Amino acid sequence: MRLDVVTIFGEYLQPLQLSLIGKAQAQGLLDVRVRDLREHTHDRHRTVDDTPYGGGAGLLMKPEPWGEALDAVLADPPEDADPRGPVLVVPSPVGEVFTQRAAVELAAEPWLVFACGRYEGIDARVVEHYRTRVRVREVSLGDYVLNGGEVAVLAITEAVARLLPGVIGNAASLTEESHAPEHDGLLEHPAYTKPASWRGLDVPAVLAGGNHAAVERWRRDEALRRTATRRPDVLARLDPERCDARDLAV
Ligand SMILES: N#Cc1c(-c2ccc3ccn(Cc4ccc(CN5CCCCC5)cc4)c3c2)n[nH]c1N
């Protein structure tokens with residue numbers, strides 16, 4: 001997978017050189033290219049922002065540098081690019097809330113391009129223009145306000161890259177995580193390791209009993225219980241076909 005990230009703060013993306021994502025790049029599973037938006041300005045001050053039409057607080061990012069930068073990215077496609085081009089992912093407070101389902105969808109793409117805004121955002125014509133050329137997804141990490149898109153790119157890149165074959169050593173664990181489609185999107189059950197007793201707290205006996213059916217039942221019950229108490233919205237989406245009478249009794 002090729003990832004292009006356009007930003008004025010390239011150093012924010014340094015964490016992508018670390019740990020599993022850094023290793024994935026070294027293995028050739030991921031090709032991350034960080035591009036400086038200011039390389040596409042032509043004035044002495046390398047200006048990327050200006051005041052908003054109609055007034056209002058703060059500054060907006062000008063469309064011209066973005067147009068030049070994104071055109072340059074699109075002119076340099078990876079060999080395995082989809083005929084439709086990349087998905088242009090634009091972090092934004094007004095985007096669709098990013099979910100595991102979106103991570104799975106993006107992980108199926110050979111090429112993602114991220115546009116990291118700053119200030120009060122990017123001139124709306126940039127997204128409007130590129131919707132005529134590529135698939136665009138405006139995404140939000142959640143209902144709180146950040147200062148720019150770079151943190152979102154780090155989060156989205158990690159959520160997507162870990163789904164790529166070979167990035168996570170134990171791929172089986174991907175299907176047992178919270179929000180995994182194979183796990184009906186439920187929150188995961190509590191997990192324990194040795195010692196069996198710690199500060200007067202014991203590991204649930206069923207987990208050490210050796211009865212795998214009982215362990216699976218306990219894990220399912222705990223996942224349902226946690227989801228019901230912490231994320232009733234997720235439980236409400238549970239496919240009735242995917243739960244038996246006992247599930248509903250939890
Ligand atoms: N992903 C994600 C995000 C972001 C995010 C993503 C990308 C950018 C680029 C710039 N900012 C900063 C900013 C801050 C406030 C406002 C609000 N408006 C300003 C103009 C008048 C009306 C109100 C907009 C833009 C960003 C924030 N925030 N929260 C998430 N989950």
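If you're wondering where the values come from, they're calculated on a predicted model, not measured in any experiment. Counting starts at 1 for both ligands and their atoms, following the listed order.
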Kindly compute the distance separating [atom1] ([X]) from [atom2] ([Y]), expressed to the nearest 0.5 Å.
| X | Y | atom1 | atom2 | result |
| --- | --- | --- | --- | --- |
| T227 | L238 | OG1 | CG | 8.5 Å |
| L13 | E150 | CG | CD | 6.5 Å |
| T51 | E120 | OG1 | CD | 12.5 Å |

**Message:** Can you work out which protein residues put a heavy atom within less than 4.0 Å of ligand 1?
**Reply:**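 Residues within 4.0 Å of ligand 1: P91, S92, P93, G117, R118, Y119, E120, G121, V139, S140, L141, G142, Y144, V145, L146, N147, G148, G149, A152.
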| query | side chain to side chain donor-acceptor pair (under 3.5 Å): which pairs involve residues 90-99, sequence neighbours left out? | reply |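 Qualifying pairs, neighbours excluded: E96-R137.
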* **Contact list for residues 13-32, test side chain to side chain donor-acceptor pair (under 3.5 Å), sequence neighbours left out** =>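 For residues 13-32, and leaving out neighbouring residues, the side chain to side chain donor-acceptor pair (under 3.5 Å) pairs sorted by first residue read D31-R33.
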Residue set satisfying side chain to side chain donor-acceptor pair (under 3.5 Å) with T47, at least two apart, ordered chain then number -> D43
